[in-house]
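Small disclaimer: the values here were computed from a predicted structure and weren't measured.
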Amino acid sequence: MIKDNSAAIGSEISVLRWRSLLFVPAHVPRYVETARKRGADGVILDLEDSVPQDQKGEARRQLSKSVAKVAGERTSVLVRVNRGFRALAADLDAAVMAGVDALVLPKTDSAEWVLEIANAVSELERERNLPLGRIRFLAQIETPGALQRLAAIALAHPRMVAMALGPEDFSAAVGGSPEFDLLLAPNLSVLFAARAAGLLPLGFVGSIGEFSDSDKLREAATRARRLGFVGALAIHPTQVAIFNEAFSPSAQELEWAHRVVAAQTDSSAKGRGAFALDGKMVDAPVIRRAREIIALGPQAELDV
């Protein structure tokens, strides 16, 4: 287990803002060139499903240039690796570099798998004189078996920062269609496990492939935020703006949250833990919610 940087990683999770993470095929230069301009909080350079087998090698060779092109002051850079051992080894060799903030681990089905990847990444970081533990993990849950091990996966390693259900792969694995009735329960399971472990829960209840119906997507993302999700993965640029809006608090919510925090400061100075605001009792869970709303607001709010 990595101990060197786990405390620092944990402190970053509380302010990490991933309302939208946009998948970009790493082998298509024109998509990589424009990715940073799409407004996503993070860009996922994909080496997995969106890259044909015969082009994966070239995608890896170009990865360092691709990372440099999408990196920005407020844009996280993620790389989705492949699942098979040989492909994964090649992906890690290409992806563990300065500028990469996280790896997206597809078809994550056990804590042991996460640990194996974490150990490999640590070896590469040491060999390359990179900060130990800086590269974090976003685990995609895409099989019914993984649902039985969510708690262990979420707590597998300090590098874990987020979890998301892969709706298309999960639905295929159970022989169903990526629709609300099938996806609600597994999405909630991922949400609960992520929250219990202090990770970011990402996703919405529906198919990630449906990007043409903006109203339907906006409704699904808005519902997801009400459930407790903080962002979602996008496969098309048109989804980014919808997710950024849906997973951002409104002006009214931010105003309320700031008043809660201000009242809590005043209450603490008077030696009181709980207090009343707008005719309602405010205690620790409400204060935590207020602080999370502030953290999900504009970047300028994060210093509060």
Side-chain angles (χ1 to χ4, degrees), residues 17-28 31 35 38-52 70 76 78-83 102-109 137-144 146-147 150 153 161-191 193-194 199-248:
R17 192 168 183 247
W18 279 354
R19 300 165 302 170
S20 58
L21 298 178
L22 176 63
F23 278 108
V24 176
H27 69 299
V28 184
Y31 292 159
R38 302 300 188 178
D41 290 333
V43 173
I44 302 174
L45 293 168
D46 191 20
L47 298 176
E48 199 215 13
D49 283 351
S50 67
V51 182
V70 302
S76 296
L78 302 88
V79 177
R80 181 163 71 167
V81 296
N82 287 273
R83 182 68 168 81
L103 300 179
V104 179
L105 310 182
K107 302 173 181 61
T108 303
D109 59 7
F137 294 164
L138 187 170
Q140 286 188 291
I141 305 302
E142 301 181 282
T143 63
L147 289 183
L150 285 177
I153 291 170
V161 70
M163 294 175 70
L165 186 78
E168 312 297 334
D169 284 89
F170 181 84
S171 299
V174 301
S177 299
E179 298 174 359
F180 185 89
D181 289 348
L182 174 61
L183 295 174
L184 177 60
N187 264 291
L188 289 177
S189 295
V190 170
L191 168 69
L199 309 184
L200 300 175
L202 303 176
F204 61 93
V205 186
S207 169
I208 193 174
E210 294 183 2
F211 58 83
S212 58
D213 190 335
S214 297
D215 291 337
K216 183 177 181 181
L217 183 64
R218 184 174 290 104
E219 180 182 353
T222 302
R223 182 189 300 115
R225 181 167 176 258
R226 289 200 301 267
L227 289 173
F229 291 94
V230 300
L233 281 60
I235 64 166
H236 193 277
T238 59
Q239 296 175 316
V240 170
I242 293 172
F243 290 158
N244 285 349
E245 178 185 357
F247 289 105
S248 294

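Take Leu183 and apply the side chain to side chain contact (heavy atoms under 4.5 Å, CB included) test, not counting sequence neighbours, and it matches Leu165, Pro167, Phe170, Ser171, Pro178, Asn187, Val205. Under the salt bridge (charged side-chain N to carboxylate O under 4.0 Å, His left out) criterion, Arg19 pairs with Asp41, sequence neighbours left out. Phe243 pairs by the ring-ring contact (aromatic ring centres under 6.0 Å, His included) definition with Phe204, not counting sequence neighbours.
Counting only heavy atoms from C-beta outward, the side chains of Arg38 and Val43 never approach each other to under 4.5 Å. Contact check for Arg223 versus Arg226: side-chain heavy atoms found under the 4.5 Å cut-off. A 4.5 Å side-chain heavy-atom check between Asp109 and Arg83 finds at least one atom pair inside the cut-off. Taking the side chain as every heavy atom from C-beta outward, Leu21 and Leu78 approach each other to under 4.5 Å. You'll find the side chain of Val104 stays beyond 4.5 Å of the side chain of Glu48, heavy atoms only. Side chains of Leu45 and Leu47 form no contact here, defined as non-hydrogen atoms less than 4.5 Å apart. Within the 4.5 Å cutoff, the side chain of Phe23 has no heavy atoms near those of the Ser50 side chain. At a threshold of 4.5 Å between non-hydrogen side-chain atoms, the residues Pro106 and Asn82 do not count as touching.
A donor-acceptor contact shorter than 3.5 Å links the side chain of Asn244 to the backbone of Gly39. Checking side-chain atoms of Gln239 against main-chain N and O of Ile208 turns up a donor-acceptor pair under 3.5 Å.
Between Ala35 and Val24, the shortest heavy-atom distance links the atoms CB-CG2, 3.7 Å.
Paired with Met163 under the rule side chain to side chain contact (heavy atoms under 4.5 Å, CB included), one option of Thr108, Leu202, Leu150, Leu138 passes, and it is Leu150.
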